[in-house]
*Asks:* 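Mind having a look at this structure? Questions to follow.
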Amino acid sequence: MNYSIPYGRQHITQDDIDAVVETLRSPYLTQGPKIKEFEEAFAKYVDSRYAVAVNNATAGLHLAAKALNVQPGHRYIVTPMTFASSANCIRFCGGDVEFCDIDPQTYLMDLAKLRTMLESHPNGYYQGVVVVDFAGYPHDIKALRLLCDEFGLRIIEDACHAPGAYVVDEKGEKQMSGSGRLADVSVFSFHPVKHIATGEGGMVVTDNPEIYERVALYRTHGITKDPTRLNKNDGGWYYEMQQLGFNYRLTDIQAALGVSQLRRAPQGLERRQEIARRYDKAFEGHPAIKTPWRAENVYHAFHLYVIQVPDRRGLYDFLRANGIYAQIHYVPLHTMPYYKELNDQEGQLPVVEEYYKHCISLPMYPSLTDDEQGYVIEKVLEFVK
Ligand SMILES: *Cc1c(COP(=O)(O)O)cnc(C)c1O
């Protein structure tokens, strides 16, 4: 049998197709009722008060940074183990980025190292952090909030990998990934490799009404028709552009798909857990394979299943030759020419640099069959003797 197995892919059902077709036949292709329905359902799912649907997570991160008033002269500390957008959103607003090394177990931003960075400068030197719930492993957002409050920092949580993930805190309460309770603002993606797919798409969530208002205003050109906010009112048609905003809207067609996908999200997460357990078991105790860390009080969303092996390049090539398209997440952001030119930190973040030499993301998505996973396991074990 010939296999062709990607590292991640969307799962589209007949219900999804029907939902999209229904919207295509409706009066609204954009700015209709499906946007609101998707926003409300999603806010509830991640335990946030407000949600704003956007055309992709990169735009969402830009809006998050705009809403926090990031501007030239501001400094944000960002994890280097992420996709470019997590740091780019600060640059879009003219702010500066410094990277903080990761924890060797969770691969999330190392909060001890973050503290060291914060303590080595006077208060006010940094304005905020961008953290990522990498691979679907949620940050201990309570600990992060306490630390950030100590130094007066804002938190942007890039939760693109982790819708549905949570940490159970010491009181037994679930702290959902991307919940608006503790981060100032969080962002999710609906790119096809993520948990919920709308083609392109994203969501910005927060519990803070001012941040919500700003995100919503900037999403739609900085234009408002809200009579309570107008400087004057010429009549029913009248609107004002009050800020230099963007068109970062999601369409109703996509929102319809999002609503339908969101209904199945818990099932998808359970299937991801099952796949992770089987990988864990297959590689358990293998001296050359390091499997993902899992803490007792964490529900991992497993966007990615990352292992570390001695000969990563060899394994990557071997798997490809066998029709398994594993991926590398990520090339550390501080080694990108663009960021090196701004502030060269290469050689200063040893944990992430070592991790990058060995990491590889194995296929992980709900529609991966048992047979396909068995083949992936067989090929990994065949190579990593
Ligand atoms: C996918 C992803 C993004 C970008 O999402 P888009 O919707 O493609 O713009 C940003 N950050 C992280 C961590 C991601 O995984």
Side-chain angles (χ1 to χ4, degrees), residues 6-10 38-39 42 46 51-66 76-93 97 99-100 102 106-109 129-139 141 155-165 177-178 183 185-205 215 218-219 246-251 254-255 257-258 261-262 268 272 300-306 327-334 336 338-339 352 355-356 359 361 364-365:
Y7 83 92
R9 74 182 301 171
Q10 73 277 15
F38 188 29
E39 288 174 342
F42 194 85
V46 301
V52 180
V54 289
N55 54 346
N56 58 64
T58 304
L61 285 159
H62 186 190
L63 294 178
K66 283 298 274 184
Y76 271 66
I77 299 174
V78 183
T79 174
M81 188 36 56
T82 185
F83 185 64
S85 315
S86 314
N88 292 357
C89 64
I90 303 302
R91 298 291 305 140
F92 294 157
C93 299
V97 168
F99 295 100
C100 173
I102 61 170
T106 62
Y107 314 144
L108 306 183
M109 186 189 282
V129 295
V130 184
V131 294
V132 176
D133 298 322
F134 179 76
Y137 195 97
H139 256 284
I141 196 80
I155 301 174
I156 299 176
E157 185 178 8
D158 179 340
C160 287
H161 293 185
S177 183
V185 54
S186 306
V187 180
F188 293 88
S189 171
F190 307 128
H191 181 280
V193 299
K194 309 289 164 70
H195 293 72
I196 295 163
T198 64
E200 297 281 350
M203 196 72 82
V204 184
V205 306
V215 169
Y218 278 104
R219 170 183 61 179
F246 312 93
N247 179 355
Y248 282 171
R249 289 189 302 252
L250 193 72
T251 66
Q254 293 166 304
L257 181 54
Q261 289 253 315
L262 181 57
R272 285 171 189 271
H300 196 314
F302 282 111
H303 164 56
L304 303 174
Y305 187 92
V306 180
Q327 260 302 351
I328 306 308
H329 296 94
Y330 291 91
V331 181
L333 219 40
H334 73 290
M336 293 289 161
Y338 174 81
Y339 281 105
V352 77
Y355 162 85
Y356 170 60
C359 67
S361 307
M364 167 57 85
Y365 48 91

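Nothing fancy with the numbering, it's 1 onward along the sequence. Any value given below was found using the heavy atoms of this structure, including those in side chains, with hydrogens, waters and symmetry copies removed. Note that ligands are numbered from 1 as they come in the structure, with each ligand's atoms numbered from 1 the same way. All figures in this text were calculated on a predicted structure; none of them were measured in a lab.
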*Asks:* Any atoms of ligand 1 less than 4.0 Å from a non-hydrogen atom of G201? List them with their elements.
*Replies:* 7 (O)
*Asks:* Decide whether an N or O pair under 3.5 Å exists between T82 and ligand 1.
*Replies:*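 Checking ligand 1 against T82, no N or O pair falls under 3.5 Å apart.
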*Asks:* Indicate, with yes or no, if the rings of H334 and Y339 have centres closer together than 6.0 Å.
*Replies:* no
*Asks:* Touching ligand 1 at all, Y330? Heavy atoms, strictly under 4.0 Å?
*Replies:*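 In this structure, Y330 qualifies as a contact of ligand 1 - some heavy atom is under 4.0 Å.
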*Asks:* Which ligand 1 atoms does H161 reach within 4.0 Å, using its non-hydrogen atoms?
*Replies:*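 Matching atoms, with element in brackets: 13 (C), 14 (C), 15 (O).
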*Asks:* Under 4.0 Å from a heavy atom of N56: which atoms of ligand 1 are those, numbered in the order shown and with their elements?
*Replies:* 7 (O), 9 (O)
*Asks:* Can you check whether K194 has an N/O within less than 3.5 Å of an N/O in ligand 1?
*Replies:*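 Between K194 and ligand 1 (N or O atoms, distance only) the closest approach is under 3.5 Å.
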*Asks:* Does ligand 1 come near enough to D158 that some N or O of the ligand is less than 3.5 Å from an N or O of the residue?
*Replies:*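 Yes, since at least one N or O of D158 sits under 3.5 Å from an N or O of ligand 1.
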*Asks:* Are Y107 and V352 packed together at the side-chain level, in the sense that at least one heavy-atom pair is separated by less than 4.5 angstrom?
*Replies:* no
*Asks:* Would Y330 and Y355 count as a close aromatic pair, with their ring centres under 6.0 Å?
*Replies:* no
*Asks:* Which heavy atom of the protein is the closest neighbour of atom 9 (O) of ligand 1, given with residue, atom name and distance?
*Replies:*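 Going by distance alone, atom 9 (O) of ligand 1 is nearest to T58 OG1, 2.5 Å.
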*Asks:* For the pair F302 and H300, name the ring-plane relationship: parallel under 30°, tilted 30 to 60°, perpendicular over 60°.
*Replies:* parallel
*Asks:* Pull out every atom of ligand 1 sitting under 4.0 Å from any heavy atom of A57, numbered as shown with elements.
*Replies:* 4 (C), 5 (O), 6 (P), 7 (O), 9 (O)
*Asks:* Before signing off on this row, confirm whether S85 and ligand 1 have an N or O atom pair separated by under 3.5 Å.
*Replies:*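 No - when backbone and side-chain N and O of S85 are compared with those of ligand 1, no distance drops under 3.5 Å.
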*Asks:* For the residue pair H303 and Y7, does the interplanar ring angle fall in the parallel (under 30°), tilted (30 to 60°) or perpendicular (over 60°) class?
*Replies:* perpendicular
*Asks:* Of all the atoms in ligand 1, which lie at a distance below 4.0 Å from a heavy atom belonging to S189?
*Replies:* 1 (C), 5 (O), 6 (P), 7 (O)
*Asks:* For the aromatic rings, using the six-membered ring if either is Trp, is the centroid distance between F246 and H62 under 6.0 Å?
*Replies:*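 Between F246 and H62, the centre distance is under 6.0 Å.
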*Asks:* Is a salt bridge present between E39 and R219, judged by a nitrogen-to-oxygen distance below 4.0 Å?
*Replies:*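 A salt bridge is present here (some side-chain N lies under 4.0 Å from a carboxylate O).
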